Amino acid sequence: MAQADTIVVLDFETTGLSPDNGDRAIEIGAVKLERGEVVDRFQALMNPGRSVTAFIEDYTGISNTMLAEADSCAEVMDRFADFIQDYNLVAHNASFDQRFLDAELSRISRSYNGQFSCSLLAARRVFQQAPNHKLGTLVNYTNIPSSGDFHRALYDSEMTVKVWLKILEAIEQQYGLSDIPFSLLQKLNKTPKKSIHQWLLRQGESA
DNA sequence: TGCCAGGCCCTCTTTAGGGCCTT
């Protein structure tokens with residue numbers, strides 16, 4: 001398998017786009033991978049202490065009634081901090097999920113030492129021919145079977161796992177890399193798209 | 001009152017603007 005490290009792939013559903021504007025997490029889903037195999041999962045709704053808009057209810061299928069019955073963000077995020085420990089983390093458009101993870105953990109004075117890598121940035125480099133790089137499009141593009149239940153945290157995490165493994169598989173097949181370390185995938189995120197082919201060739205030669 | 005994200009990436013670029021992604 002192409003992934004050497006244990007990682008946690010995660011996805012937040014939220015009240016909006018920006019924790020700096022007061023938006024909160026309403027659901028977290030995550031999948032733990034060891035050498036490319038799913039070994040654990042985490043899913044929980046959380047009550048942000050206020051109503052979500054009709055747009056968010058419609059977009060996620062998560063209703064205010066469901067959230068009213070859920071544990072608080074503080075309780076859920078405390079359990080989630082235990083779940084992720086210090087594993088490295090992957091998300092689709094990771095900067096978004098990282099902002100919410102940081103904001104919610106900061107509220108309960110918890111932290112983590114894992115680092116993020118982004119499946120969106122990786123897919124833009126590895127799957128340059130895809131029509132676009134939305135999670136759902138990449139699922140179709142890479143022929144991953146899907147029930148289409150996007151915009152729930154665990155489902156999107158599971159789909160992100162499958163896209164992530166397709167990215168690793170493509171790198172492995174095209175460049176002869178195996179047991180790809182997380183650090184290389186972080187560098188991949190920052191390597192200019194224009195030169196990604198040459199860069200990956202060099203990684204394959206020096207591996 | 002009125003406003004409301006941020007980072008990446010391309011290009012008709014760098015003294016900037018706009019589309020893509022995430023909810």
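Note that this is a predicted model, so its numbers are computed, not measured. Numbers restart at 1 for each chain; the letters A, B, ... are given by sequence-line order, proteins then strands.
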*Asks:* Does A:Arg152 pair with A:Asp11 as a salt bridge, N-O distance under 4.0 Å?
*Replies:*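 Between A:Asp11 and A:Arg152 there is no salt bridge, as every charged N stays at least 4.0 Å from the carboxylate O atoms.
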*Asks:* Using atom P of each nucleotide, how far apart are B:dT15 and B:dT22 to the nearest Å?
*Replies:*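 It works out to 32 Å between them.
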*Asks:* For A:Ser147 and A:Asp149, does a side-chain donor sit closer than 3.5 Å to a side-chain acceptor?
*Replies:*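 Yes, A:Asp149 and A:Ser147 have a side-chain donor paired with an acceptor closer than 3.5 Å.
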*Asks:* Considering only atom C1', compute the distance from B:dT13 to B:dC8 and round it to an integer number of Å.
*Replies:*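 Comparing C1' positions in B:dT13 and B:dC8 gives a spacing of 15 Å.
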*Asks:* Rounded to the nearest 0.5 Å, what separation is found between the CD atom of A:Glu169 and the NZ atom of A:Lys162?
*Replies:*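 With rounding to 0.5 Å, CD (A:Glu169) is 13.0 Å from NZ (A:Lys162).
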*Asks:* Which whole number of Å gives the distance between the P atom of B:dG18 and that of B:dC4?
*Replies:*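 Their P atoms lie roughly 15 Å apart.
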*Asks:* Taking atom P in both B:dT23 and B:dA16, compute the distance separating them and give it to the nearest angstrom.
*Replies:*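 So the two P atoms sit 31 Å from each other.
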*Asks:* Taking B:dC9 as the reference, what is the distance to B:dT14 when you measure between their C1' atoms (whole Å, please)?
*Replies:*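 Each nucleotide's C1' atom is 14 Å from the other's.
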*Asks:* Relative to each other, are the rings of A:Phe150 and A:Tyr155 parallel, tilted or perpendicular (30° and 60° limits)?
*Replies:*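 Perpendicular: the ring planes of A:Phe150 and A:Tyr155 meet at over 60°.
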*Asks:* What distance, rounded to whole Å, do you find between the two C1' atoms, one in B:dC3 and one in B:dC21?
*Replies:*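 Between the two C1' atoms, the distance is 23 Å.
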*Asks:* List in numerical order all residues of residues 101-120 of chain A for which some heavy atom is under 4.0 Å away from an atom belonging to DNA chain B.
*Replies:*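 Of all residues in residues 101-120 of chain A, none places a heavy atom under 4.0 Å from DNA chain B.
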*Asks:* Taking for each residue the nucleotide of DNA chain B bearing the nearest heavy atom, is the 5' side occupied by A:Leu121 or by A:Asp156?
*Replies:*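 Its nearest nucleotide lies further toward 5', so the answer is A:Leu121.
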*Asks:* Measuring only the C1' atom in each nucleotide, how far is B:dG17 from B:dT1? A whole number of Å is fine.
*Replies:*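 To the nearest whole Å, 28 Å.
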*Asks:* Are side-chain N/O atoms of A:Thr14 and A:Asp23 paired as donor and acceptor at under 3.5 Å?
*Replies:*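 Judged by distance alone, the side chains do not pair up.
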*Asks:* With rounding to whole Å, what would you report as the distance between B:dG19 and B:dC12 at their C1' atoms?
*Replies:*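 Straight-line distance between the two C1' atoms is 15 Å.
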*Asks:* Within the structure shown, what part of the strands sits under 4.0 Å from A:Arg24 by heavy-atom distance: base, sugar-phosphate, or nothing?
*Replies:*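 A:Arg24: no heavy atom of the nucleic acid under 4.0 Å.
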*Asks:* Just checking, any donor-acceptor pair under 3.5 angstrom between side chains of A:Gln198 and A:Ser195?
*Replies:*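 Not at all, the side chains of A:Gln198 and A:Ser195 share no donor-acceptor pair under 3.5 Å.
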*Asks:* Going 5' to 3' on DNA chain B, which nucleotide is the first and which the last to come under 4.0 Å of a heavy atom in chain A?
*Replies:*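 Contacts span B:dC4 to B:dT23, reading 5' to 3'.
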*Asks:* Tell me which residues in residues 54-64 of chain A lie within less than 4.0 Å of DNA chain B, going by non-hydrogen atoms.
*Replies:*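 Residues of residues 54-64 of chain A under 4.0 Å from DNA chain B: A:Phe55, A:Ile56, A:Tyr59, A:Thr60.
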*Asks:* Taking atom OH of A:Tyr112 and atom CG of A:Asn88, what is their separation to the nearest 0.5 Å?
*Replies:*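 That separation rounds to 10.5 Å.
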*Asks:* Which class fits the ring pair A:Phe12 and A:Phe100: parallel under 30°, tilted 30 to 60°, perpendicular over 60°?
*Replies:*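 Tilted: the ring planes of A:Phe12 and A:Phe100 meet at 30° to 60°.
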